[in-house]
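Heads up, the thing below is written out as structure tokens.
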Number of protein chains: 2
Amino acid sequence: MFEVFFSHIQEKVSLNEVQKDILKTFFIPKKLRKKQYLLQQGDVCKYLSFVEKGLLMSYNVDDKGLEHINMFALEGWWSSDIHSFFTHENAVINIEALEDTEILMISSESFEEMTLKVPIMDRYFRILFQNSLFTKERRLISSISHTAQEKYIKFVESNPALVQRVPQNMIASYLGIAPETLSRIKKNIALGK
Amino acid sequence: MFEVFFSHIQEKVSLNEVQKDILKTFFIPKKLRKKQYLLQQGDVCKYLSFVEKGLLMSYNVDDKGLEHINMFALEGWWSSDIHSFFTHENAVINIEALEDTEILMISSESFEEMTLKVPIMDRYFRILFQNSLFTKERRLISSISHTAQEKYIKFVESNPALVQRVPQNMIASYLGIAPETLSRIKKNIALGK
DNA sequence: AAACTCTATTGACCTGGGTTAAGCCTATTT
DNA sequence: AAATAGGCTTAACCCAGGTCAATAGAGTTT
């Protein structure tokens, strides 16, 4: 159950067996069925979750009632409404399983305790957040300076696994374009642009 | 010189005098004149900088030669090309002073050493990055689901200080809209939308 | 296998905001 | 104080991509 988990953490910091055993006590394994919610907008996000197997997506519904996918989380990714998790304010996103999924969850109280008992986890999450930060930065730049077609091409290049596993209308939503537009883009690309 | 600096850090973690003295040895004070570059696209970003006084902006030039402002940094904010700073790859952004500015800089080697000598700084930066992460997330959601006018109104609400200190065309660039559009939006708002 | 439900495609039409270009106003610079 | 530059506004025009609507598989349910 913890294979993917420890291997991902050890890409960033090293852990000894004692630390691993302590970590295991803080995380709760959970299985989600396809289409099952992990979090609903308006609830407080009590857990930060690591995907061991499967696929999650998070999305928000805007003031006009439109859904926008914010992020997908494959094996080895974390998912949560970070703001809600750390402040206990209401979540602004929904998290849903796109496939049957196995996760490891930690509550915010446990998170606090974990960083005190295994301080190197502050370092792990510092590195994790700093990496996500620059990925988001790139996405933000891309959302402003690229055309819909350029965004799609970049997405396919950097997320080949998702293209296989996620329906096309969800990729459109993630890219912030209409599904009809994505369909036309694919046609253009097939015709050699 | 370190007043704003320590007060900001101590909003997130507490430091004793010994830790403060150690930290002081890692940071280099520097003064920048208005319009002076702190970093240019293509160079490696050697420093992470904290703004004690003044105002920085970072921007990138896209494939089409268009400039996009990514972020402003007022007193109490950090600025750098995080990715370049941590990986030593070439920076994709420029950082420039919009006013005469005083900063505290730390090199990446010093950063590493600092986190080893004062491990609570891993925690400080974990919290800092996690907060920036959710701010970026919000901006990304906003860039997709709001109209140009809504984006501007939100910006004014959440950044009143910047509206005073930054020229309008730069705010337009930050919001990803044409300066002409922003001018029209302000007119609309003045006319009661 | 018929009835639903989801997803993708295609066409016709429309609009928010980009582009181009001109003119104006306020600071700097010389 | 004249010249130059940077910033702001306005108008005319245009287009990438959104919206609406119809059609058609592909997968599920009864």
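Just so we're on the same page: letters track the sequence lines, and every chain starts at 1.
- Geometrically, A/Lys20 engages A/Phe6 in a cation-pi contact defined by less than 6.0 Å to the ring centre and at most 45° from the axis.
- Residues meeting the side chain to side chain donor-acceptor pair (under 3.5 Å) test with B/Asp62, sequence neighbours left out: B/His68.
- With sequence neighbours excluded, no residue forms a salt bridge (charged side-chain N to carboxylate O under 4.0 Å, His left out) with B/Asp81.
- In this structure, the ring of B/Phe86 has its center less than 6.0 angstrom from the ring center of B/Phe111.
- In the helix from C/dA1-D/dT30 to C/dT30-D/dA1, the end axes, each obtained as the rotation axis mapping the C1' atoms of four pairs onto the next four within a five-pair block, lie 40° apart to the nearest 10 degrees.
- Within residues 56-67 of chain B, no residue approaches DNA chain C, by heavy-atom distance under 4.0 Å.
- Ring centers of A/Trp78 and A/Phe85: at least 6.0 Å apart, outside the cut-off.
- Here A/Arg33 does not pair with A/Glu96 in a salt bridge; the nearest charged N to carboxylate O distance is not below 4.0 Å.
- The OH-C1' distance, from A/Tyr152 to D/dG17, rounds to 17 Å in whole Å.
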Please tabulate the protein-to-nucleotide N/O contacts below 3.5 Å involving nucleotides 27-30 of chain C, giving atom names and distances.
none

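- Residues A/Leu56 and A/Leu74 form no side-chain contact, since every pair of their non-hydrogen atoms from C-beta on lies 4.5 Å or further apart.
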Protein N or O to nucleotides 6-10 of chain C N or O, pairs below 3.5 Å:
{"from": "C/dA8", "atom 1": "OP1", "to": "A/Gln168", "atom 2": "N", "distance (Å)": "2.7"}
{"from": "C/dA8", "atom 1": "OP2", "to": "A/Asn169", "atom 2": "N", "distance (Å)": "2.9"}
{"from": "C/dT9", "atom 1": "OP2", "to": "A/Gln168", "atom 2": "NE2", "distance (Å)": "2.6"}
{"from": "C/dT9", "atom 1": "OP2", "to": "A/Ser183", "atom 2": "OG", "distance (Å)": "3.1"}
{"from": "C/dT9", "atom 1": "O5'", "to": "A/Ser183", "atom 2": "OG", "distance (Å)": "3.2"}

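- Note: CD1 (B/Ile144) to C1' (C/dG16) measures 17 Å, nearest angstrom.
- Listed for the A/Glu112 side chain is no donor-acceptor partner under 3.5 Å among the backbone atoms of A/Glu109.
- A cation-pi contact links B/Arg139 to B/Tyr174, judged by a cut-off of 6.0 Å to the six-membered ring centre and 45° from its axis.
- At least one cation-pi condition fails for A/Arg126 and B/Tyr124: the charged atom is not both under 6.0 angstrom from the six-membered ring centre and inside a 45 degree cone around its axis.
- Taking the ring centroids of A/Phe129 and B/Phe125, they lie at or beyond the 6.0 Å cut-off.
- Here C/dT19 is the nucleotide among D/dG17, C/dT19, D/dG18 with the atom lying nearest to any side-chain atom of B/Ala178.
- Regarding B/Asn188, its CG atom lies at a distance of 12 Å from the C1' atom of C/dG17, rounded to whole Å.
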